[in-house]
Amino acid sequence: MSTILSIDQLSVRLPADADRSHALKGVSLELRCNEILCVVGESGSGKSMTASAILGLLPERVRAESGSINFGGRNLLDLSDSELRQIRGAQIGMIFQEPMTALNPLRSIGDQIGEMFRTHTKLGQKEIAARVQSLLTDVQIPDPQAAARAYPHELSGGQRQRAMIAMALALEPAILIADEPTTALDVTTQAQILKLIRELQRRKGTAVLFITHDFGVVAEIADRVAVMQHGELVEQGVADELLNRPQHPYTRALIAAVPSLTPPAVRHVSDETILSLHGVNKIYRKGVLFSRHKRVTHAVRDVSLALPKGGTLGIVGESGSGKSTLARCIVRLLDPDSGHIAFEGVDLATLSRKALRQHAKHVQMVFQDPYGSLNPRHRVGELVAQGPIVHGTPRHEALARARELFLLVGLEPEAMQRYPHEFSGGQRQRICLARALALEPRVLVADEPVSALDVSVQAQVLELLAKLRQQFGLSLLFITHDLRVAAQICDHIAVMKDGVVVEHGPASRVFAAPEHPYTRALLAAVPGRHWTPPSVTATPERIAA
């Protein structure tokens, strides 16, 4: 198989005030015709920087110091901006991680795809419109004509990503670079996008450079794999060989951190219920400008569940299924329209705000985005101590407790003096856990607490949650769309679809013998579901070193 793009000893230097000197150091990589090459690694490993260097889109003050990127007989590093613009889109297409920020919100989807033809060809408007329709049909967007007229915010996340793929493939480029194109998508939408990329690649013979941190995705679509760490290429090879017989300690540690889809042995959980939901409903009514009519959405519909004392109840489902709305009703960030939420016999759903404040410390929440939920203007020690102080604990006692909690979640107490932006994503999530534990809650509601984390950091946070559950007798309500994570941490699983719990039972039964068609569809869509990570001796903790 011939080589279409070759990177030879590429080094990219960072600004003098950066944490390290180089984003990439001596990277050599080949992309071959008609193959999918997956580049994997954690945040900061250099995956996206490699893509930026290929396209000539390096950030300001970041420069290629040495090496070459050869494509079509030319070194891309030697080309001017105008020459690179002729290559971008026409010969090398790009699918970005977040389509909502990559697409112009003020222009229709059809107009943005059509710009590719207006910029690089001399086609007329009718021919361009026909090509746009054909592309939207190719990427399997329902009602292509309506999609072409729509603006980005009017499409779902999966449809926006399909529109990005259509744009990237508009001029049938020889190379397609996909930078984490499925990270923010639900498991079923993710499966559809992966299948689409594979089908288009086979049909058009495109070479694909696929950047990801998800080894399930790698197992699903990769022909070859390259593993990066701290800007260096540490291992590469044929996908089957690397996934099942990894050689480098870092690769072995990454694979060791991938959660299995098979739940562990059944854990004994108390028969006593600490939190019960009965007939909970939440309806959103959204008015339309200059209209008397309101759009009604049943976000949560007649949900009844029970959380055993000391157990973990997982709530899984796609975006829009009602998972997060239900969590916010439980902690009363939202008021349910009807139903009962009983914590040890007290109905939280009907408590006044004043009475709720006294019970709030018993049920605490950890949010999906640790950065967005921490006030950037306050030191993290103050943020952890804030809750106890509000509830009457003297300041010096609250800060002393915060020091203990920092040690408990694996952070040095000296870090209390720093601000949120000075921590990594995994460290910020540990701080959020410390803040939630400061009030000594009985129930912890965790809303997608590891979805934004690298696989190794994810494994560490999940291990910490399991340890805290055992140490404090915590009961966890764990909300996630990642079925691998749910399989490993949850005792019971509730599957939600369109605000309704369609299946509920022990995790071992739900994963081994799902009864509802929707549950079966979710499990069938898990990327790499047929691949079982090999037993390796490396542990996730080694990565941090």
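Positions are given from 1 along the sequence.
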Are side-chain heavy atoms of [X] and [Y] found at a separation under 4.5 Å?
X      : Y      : value
Thr182 : Leu194 : yes
Met164 : Met94  : no
Val227 : Gln236 : no

Which pairs with one or both residues in [range] pass salt bridge (charged side-chain N to carboxylate O under 4.0 Å, His left out), sequence neighbours excluded?
range            : value
residues 401-416 : Arg401-Glu404
residues 220-238 : Glu35-Arg224, Arg198-Asp223, Glu220-Arg529
residues 164-177 : Glu172-Lys204

Mark yes or no: Arg418 above the aromatic ring of Phe423, with NZ or CZ under 6.0 Å from the six-membered ring centre and no more than 45 degrees from the axis. yes
Sequence neighbours excluded, which residues qualify as side chain to side chain contact (heavy atoms under 4.5 Å, CB included) partners of Glu60? none
List in chain and number order the residues that pass side chain to side chain contact (heavy atoms under 4.5 Å, CB included) with Asp482, two or more places apart in sequence or in another chain; answer none if no residue qualifies. Gln458, Thr480, Arg484, Val485
Tell me if the CD atom of Gln470 is crowded by more than 12 foreign heavy atoms within 6.0 Å. no
Above 12 or not: heavy atoms from other molecules or residues under 6.0 Å from CZ of Arg20? yes
Sequence neighbours excluded, which residues qualify as side chain to side chain donor-acceptor pair (under 3.5 Å) partners of [X]?
X      : result
Glu83  : Ser80
Ser475 : none
Ser48  : Asp179
Asp78  : Asn75

Determine, stepwise, if the pair Leu10 / Val12 fulfils side chain to side chain contact (heavy atoms under 4.5 Å, CB included). CA-CA 7 Å; Leu10 176 64; Val12 172; 4.2 Å; yes
Side chains of [X] and [Y] only: does a donor on one sit below 3.5 Å from an acceptor on the other?
X      : Y      : value
Ser2   : Arg32  : no
His213 : Glu180 : yes
Gln201 : Asn34  : yes
Arg162 : Gln192 : yes
Ser45  : Gln229 : no

Has the side chain of [X] got a donor or acceptor atom that lies under 3.5 Å from a matching backbone atom of [Y]?
X      : Y      : answer
Gln247 : Arg245 : yes
Glu448 : Phe367 : no
His516 : Tyr518 : yes
Arg379 : Gly381 : no
Ser11  : Ser66  : no
Lys47  : Gly41  : yes

How would you list, by chain and number, every residue that makes a salt bridge (Lys or Arg N to Asp or Glu O under 4.0 Å) with Arg509, sequence neighbours excluded? Glu503, Glu515
Please identify each residue that fulfils salt bridge (Lys or Arg N to Asp or Glu O under 4.0 Å) with Glu382, with sequence neighbours left out. Arg395
Test side chain to side chain contact (heavy atoms under 4.5 Å, CB included) on Phe511 and Leu483; report intermediate values, then the result. CA-CA 9 Å; Phe511 279 87; Leu483 295 179; 4.1 Å; yes
Per-pair distances, 0.1 Å, donor-acceptor, side chain in residues 254-267, under 3.5 Å, sequence neighbours excluded:
residue, atom, partner, partner atom, Å
Ser260, OG, Thr262, N, 3.0
Arg267, NE, Asp491, OD1, 3.2
Arg267, NH2, Gly310, O, 3.1
Arg267, NH2, Asp491, OD2, 2.7

With [X] as reference, evaluate [options] under the side-chain contact (heavy atoms from CB on, under 4.5 Å) test and give the passing residue.
X      : options                : answer
Arg430 : Leu411, Leu405, Val380 : Leu411
Leu5   : Leu29, Asn70, Ile69    : Ile69
Leu31  : Ile177, Leu37, Val39   : Leu37

Residue pair Glu422, Gln427: steps toward the side chain to side chain contact (heavy atoms under 4.5 Å, CB included) verdict: CA-CA 9 Å; Glu422 299 179 81; Gln427 289 172 327; over 6 Å; no
Can you label the angle between the His421 ring and the Tyr419 ring as parallel, tilted or perpendicular, going by 30° and 60°? parallel
To the nearest 0.5 angstrom, please state how far the CG atom of Leu313 sits from the CD1 atom of Ile493. 7.5 Å
